[in-house]
Peer 1: 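Below are the structure tokens for one structure; questions will follow.
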Amino acid sequence: MNLTRRSLLASLPVAAMTLPHQARSADLSGVTLRVAAFRGVDQPILKATGLDHFPYKVEYSEFNSGNLIARAIDADAIDLGAWSEIPMVFAAASGARVAIAATLDGPTTNQAVLVPTRSTAKSIADLRGKRVGYIRSTTTQYFLLKMLKAHNLSFSDIIPVALGMSEGLTALKSGSLDAWATYGYAIEILEADSSARTLESAENILSGHYFIGINPKRLPDPIFREAAADYINRIGKAYSILDADKPLWARAVAPDVHVPEPLVLSYLNHMNRPYHTRPWRQSDIETASEVAATLGAAGVLPLNPNLAAVFSPVLNNLLNS
């Protein structure tokens with residue numbers, strides 16, 4: 001039967017939405033979670049904190065942007081993965097079969113527009129007519145739009161180039177981009193080897209709300225729900241432990257991301273807020289609606305997508321606050 005996202009969420013039993021928080025007593029050994037993970041995130045942090053001994057099976061697939069994770073869940077290739085508000089509003093607008101199961105609060109200090117070190121650009125206004133890379137349907141597209149608007153510019157005033165993470169890194173280093181809107185360890189790497197410098201940070205533009213998406217096809221299964229909630233709670237606990245021991249965090253992550261440990265530690269020490277998993281709140285939908293309005297006004301997203309339809313409450317009572 002071909003169910004839409006809305007009908008999948010609506011078909012969940014009412015009892016599933018009102019279950020009290022309870023001990024995980026069910027046999028989860030028959031469950032397999034297909035998890036989308038960014039390099040240097042789930043696997044190394046769970047292993048470093050001793051939380052990788054699951055009572056269910058976990059199959060990881062690596063992704064480097066949230067929009068690809070949303071597409072994989074829509075295609076029933078993945079069960080669980082995280083992304084920012086931006087892939088979520090694109091998924092909602094397209095009618096993708098995804099559900100938001102939880103919120104991951106996190107830092108906004110690892111996202112910026114970079115320019116080659118020798119660039120004469122002093123502000124975003126200097127990018128008029130320049131080739132500017134970004135990663136489509138991610139935070140980079142959103143904060144680049146916001147930065148341009150602040151200088152009375154739009155995408156029509158630059159030469160926007162949509163690239164994947166690895167392609168963007170190569171393009172900036174080779175000189176084929178004048179600027180690059182990016183995120184993550186790429187910033188530390190490019191600044192450390194003097195290939196690039198930050199033109200403007202997105203720290204005060206982004207909300208710091210990330211969402212944990214889940215495959216709505218599997219949500220009717222109560223055993224799957226328990227396994228998914230357990231996994232999310234483990235991620236939250238791992239972040240809590242590592243936030244108090246950033247040297248341990250850096251040692252765990254550096255080999256996985258192929259970035260020198262001192263650079264990883266610097267990255268972690270400069271985060272403006274910790275990561276924290278929790279049940280989603282109505283206010284999360286409201287801040288995501290502001291993002292959708294910006295993208296809609298820029299003509300890259302239909303106006304007023306129904307974001308609330310993507311949020312599912314079925315794990316709320318199983319998640320740690």
Side-chain angles (χ1 to χ4, degrees), residues 5-6 9 65-71 73-74 81-96 98-113 124-125 127 132 134-158 160 162 181-184 199-214 271-313 316 321:
R5 178 192 69 222
R6 188 185 300 274
L9 297 182
S65 66
N67 61 321
L68 298 179
I69 295 174
R71 291 179 194 174
I73 289 180
D74 178 50
W83 52 70
S84 71
E85 292 164 315
I86 289 76
M88 189 276 288
V89 299
F90 275 99
S94 70
V98 300
I100 300 302
T103 296
L104 172 65
D105 292 321
T108 59
T109 39
N110 61 339
Q111 312 210 36
V113 171
I124 294 296
L127 299 182
V132 183
Y134 70 99
I135 305 168
R136 194 189 305 276
S137 304
T138 68
T139 50
T140 66
Q141 184 171 5
Y142 172 69
F143 69 68
L144 180 56
L145 279 168
K146 294 284 283 187
M147 290 175 182
L148 290 167
K149 184 179 180 180
H151 291 274
N152 298 313
L153 299 175
S154 68
F155 264 34
S156 63
D157 295 304
I158 62 172
T182 189
Y183 49 72
L199 183 66
E200 186 172 332
S201 170
E203 177 177 355
N204 296 320
I205 295 175
L206 300 171
S207 69
H209 292 165
Y210 303 87
F211 297 117
I212 298 176
I214 203 162
M271 293 192 308
N272 61 341
R273 67 192 70 161
Y275 285 101
H276 173 68
T277 58
R278 59 172 172 81
W280 60 268
R281 298 189 285 258
Q282 181 64 33
S283 58
D284 298 332
I285 302 177
E286 293 167 3
T287 58
S289 296
E290 296 173 12
V291 171
T294 295
L295 295 170
V300 297
L301 192 76
L303 292 172
N304 303 316
N306 186 3
L307 302 186
V310 181
F311 285 77
S312 170
N316 284 2
S321 299

Peer 1: Indicate yes or no: at least one non-hydrogen side-chain atom of Val98 is less than 4.5 angstrom from one of Phe211.
Peer 2: no

Peer 1: Taking all non-hydrogen atoms of both residues, which atom of Ala99 and which atom of Ser312 are closest, and how far apart?
Peer 2: CB-CB, 4.1 Å

Peer 1: Closest approach of Pro302 and Ala93, non-hydrogen atoms and distance?
Peer 2: CD-CB, 3.8 Å

Peer 1: Taking ring pair (Phe, Tyr, Trp, His ring centres under 6.0 Å) as the test, write out the residues that go with Tyr183, two or more places apart.
Peer 2: none

Peer 1: Grab the two heavy atoms, one from Ala92 and one from Leu307, that are nearest each other, plus how far apart they are.
Peer 2: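 Closest heavy-atom pair between Ala92 and Leu307: CB-CD2, 3.6 Å.
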
Peer 1: Has Asp74 got a side-chain atom pairing as donor or acceptor with Ala91's backbone, closer than 3.5 angstrom?
Peer 2: no

Peer 1: To the nearest 0.5 Å, what is the distance between CD1 (Ile86) and CG (Leu295)?
Peer 2: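 The CG atom of Leu295 is 6.5 Å from CD1 of Ile86, to the nearest 0.5 Å.
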
Peer 1: Restricting to non-hydrogen atoms, name the atom on Ala112 and the atom on Ser201 that form the minimum distance, rounded to 0.1 Å.
Peer 2: CB-CA, 3.9 Å

Peer 1: Enter the distance from Ile73:CD1 to Trp83:CH2 here, rounded to the nearest 0.5 Å.
Peer 2: 4.0 Å

Peer 1: Taking all non-hydrogen atoms of both residues, which atom of Thr182 and which atom of Phe143 are closest, and how far apart?
Peer 2: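 In terms of heavy atoms, the two residues are closest at O-CZ, 3.7 Å.
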
Peer 1: Say you draw a straight line from CE of Met271 to OG1 of Thr109; how long is it, rounded to the nearest 0.5 Å?
Peer 2: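 With rounding to 0.5 Å, CE (Met271) is 7.0 Å from OG1 (Thr109).
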
Peer 1: List in chain and number order the residues that pass side chain to side chain donor-acceptor pair (under 3.5 Å) with Thr287, two or more places apart in sequence or in another chain; answer none if no residue qualifies.
Peer 2: Glu85, His209

Peer 1: Any non-hydrogen side-chain atom of Tyr142 less than 4.5 Å from a side-chain atom of Leu206?
Peer 2: yes

Peer 1: Measuring from Glu203:CD to Arg273:CZ, what's the distance to the nearest 0.5 Å?
Peer 2: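 Taking CD in Glu203 and CZ in Arg273, the distance rounds to 8.0 Å.
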
Peer 1: Among all residues two or more places apart in sequence or in another chain, which pass the side chain to side chain donor-acceptor pair (under 3.5 Å) test with Thr140?
Peer 2: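 Thr140: side chain to side chain donor-acceptor pair (under 3.5 Å) contacts with Thr138.
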
Peer 1: Tell me which pairs pass ring pair (Phe, Tyr, Trp, His ring centres under 6.0 Å) where either residue lies in residues 278-302, with sequence neighbours left out.
Peer 2: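 Qualifying pairs, neighbours excluded: Trp280-Phe311.
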
Peer 1: Applying side-chain contact (heavy atoms from CB on, under 4.5 Å), run through Val113 and Tyr134 and close with a yes or a no.
Peer 2: CA-CA 9 Å; Val113 171; Tyr134 70 99; over 6 Å; no

Peer 1: Name each donor-acceptor pair under 3.5 Å that joins a side chain in residues 144-155 to protein atoms two or more places apart or in another chain, with its distance.
Peer 2:
from, atom 1, to, atom 2, distance (Å)
Ser154, OG, Ser156, N, 3.3
Ser154, OG, Ser156, OG, 2.7

Peer 1: Which heavy atom of Ala297 sits nearest to which heavy atom of Leu303, and what is that distance?
Peer 2: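 For Ala297 and Leu303, the tightest heavy-atom pair comes out as N-CD2, 4.1 Å.
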
Peer 1: Among residues at least two apart in sequence or on other chains, which ones pass salt bridge (charged side-chain N to carboxylate O under 4.0 Å, His left out) with Arg278?
Peer 2: Asp105, Asp284

Peer 1: Report yes if some heavy atom in the side chain of Asn272 is under 4.5 Å from a heavy atom in the side chain of Pro107; otherwise report no.
Peer 2: yes

